[in-house]
Q: 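This structure is in structure tokens; I'll ask about it shortly.
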Amino acid sequence: MNRLATAAALLALAAVPLSAQSGTLDVGDATIRYEVTGLGSPLVLIHGWAQDLSIWDREVPVFAREYRVIRYDRRGYGRSTGHADPSADPADLRGLLRHLNIRSAPVRGLTTGAARAPRLTPP
């Protein structure tokens, strides 16, 4: 295959939309909604105060080319149930990662999600 044909094939592959797996996870007094897009090493994206997982809609297609992107509605936000409780964030994320059979993953966040990220430890 010549270089032009190879480049065209790679561009066509990059343009293929990645399907997302979505689901919910019961974590005691709340149900966490999540979405997983892409294949590869896991990457967790956490939204901030008064947001939901859709805040990452523009970034997911880019990250999903290289990572298995996990994003979720923190309890009390978006389609997750329960009362917003920042102290529950670490346990909720550990439960979600266990549910997805992921041992550890880098975590990135926005606003309060960014403040939580360093406190979240692997399962």
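Since we're looking at a predicted model, the values are computed, not measured. The first residue in the sequence is number 1, and the count goes up from there. FYI, side chains are in, hydrogens and waters are out, and symmetry mates aren't considered; it's all heavy atoms of this structure.
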Q: Centres of the W56 and F63 rings: under 6.0 Å?
A: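 They do not qualify: ring centres at least 6.0 Å apart.
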Q: If you measure from the Lys or Arg side-chain nitrogens to the Asp or Glu carboxylate oxygens, is any gap between D92 and R74 under 4.0 Å?
A: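 Looking at R74 together with D92, the answer is no, because their closest N to O distance does not fall below 4.0 Å.
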Q: Under the side-chain contact (heavy atoms from CB on, under 4.5 Å) rule, what do R103 and L97 come out as? Steps first, then yes or no, please.
A: CA-CA 7 Å; R103 294 184 60 134; L97 292 178; over 6 Å; no
Q: Rounded to the nearest 0.5 Å, how far apart are CD of Q51 and OH of Y77?
A: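 It comes to 9.5 Å.
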Q: For D85 and S87, indicate whether the former's side chain and the latter's backbone hold a donor-acceptor pair under 3.5 Å.
A: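 Looks like yes, one N/O pair under 3.5 Å.
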Q: Do I46 and R108 have side-chain heavy atoms sitting under 4.5 Å apart?
A: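 Not in contact.
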Q: Are D57 and R71 within salt-bridge range, i.e. N to O under 4.0 Å?
A: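 Result for this pair is yes, salt bridge flagged.
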Q: To the nearest 0.5 angstrom, please state how far the CD atom of E66 sits from the OG atom of S41.
A: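 Spacing of CD (E66) from OG (S41) equals 8.0 Å.
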Q: Hey, mind stepping through D73 and E35 against side-chain contact (heavy atoms from CB on, under 4.5 Å) and telling me if it holds?
A: CA-CA 9 Å; D73 289 335; E35 193 172 278; over 6 Å; no
Q: For side-chain contact (heavy atoms from CB on, under 4.5 Å), just list the numbers for T37 and Y67, CA-CA rounded to whole Å, side-chain angles, deciding distance to a tenth of an Å, and then say yes or no.
A: CA-CA 8 Å; T37 308; Y67 297 98; over 6 Å; no
Q: I'd like to know whether the aromatic ring centres of H99 and Y34 sit less than 6.0 Å apart in this structure.
A: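 Here the rings of Y34 and H99 have centres that are less than 6.0 Å from each other.
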Q: Taking T31's backbone N and O only, do any of them form a donor-acceptor pair with T81's side chain (distance below 3.5 Å, no angle check)?
A: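 Confirmed, T81 side chain pairs with T31 backbone.
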Q: Stepwise, does the side-chain contact (heavy atoms from CB on, under 4.5 Å) test hold for R75 with D29?
A: CA-CA 9 Å; R75 67 171 58 212; D29 61 342; 2.8 Å; yes
Q: Among L43, L45, V44, find the one that has a side-chain contact (heavy atoms from CB on, under 4.5 Å) with V107.
A: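 One option only clears the test, and that one is V44.
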Q: Do D52 and R79 meet the salt-bridge criterion of a basic N to acidic O distance under 4.0 Å?
A: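 Between D52 and R79 there is no salt bridge, as every charged N stays at least 4.0 Å from the carboxylate O atoms.
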Q: With side chains defined as the heavy atoms from C-beta onward, is the minimum distance between Q21 and L100 less than 4.5 Å?
A: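 Q21 reaches L100 side chain to side chain.
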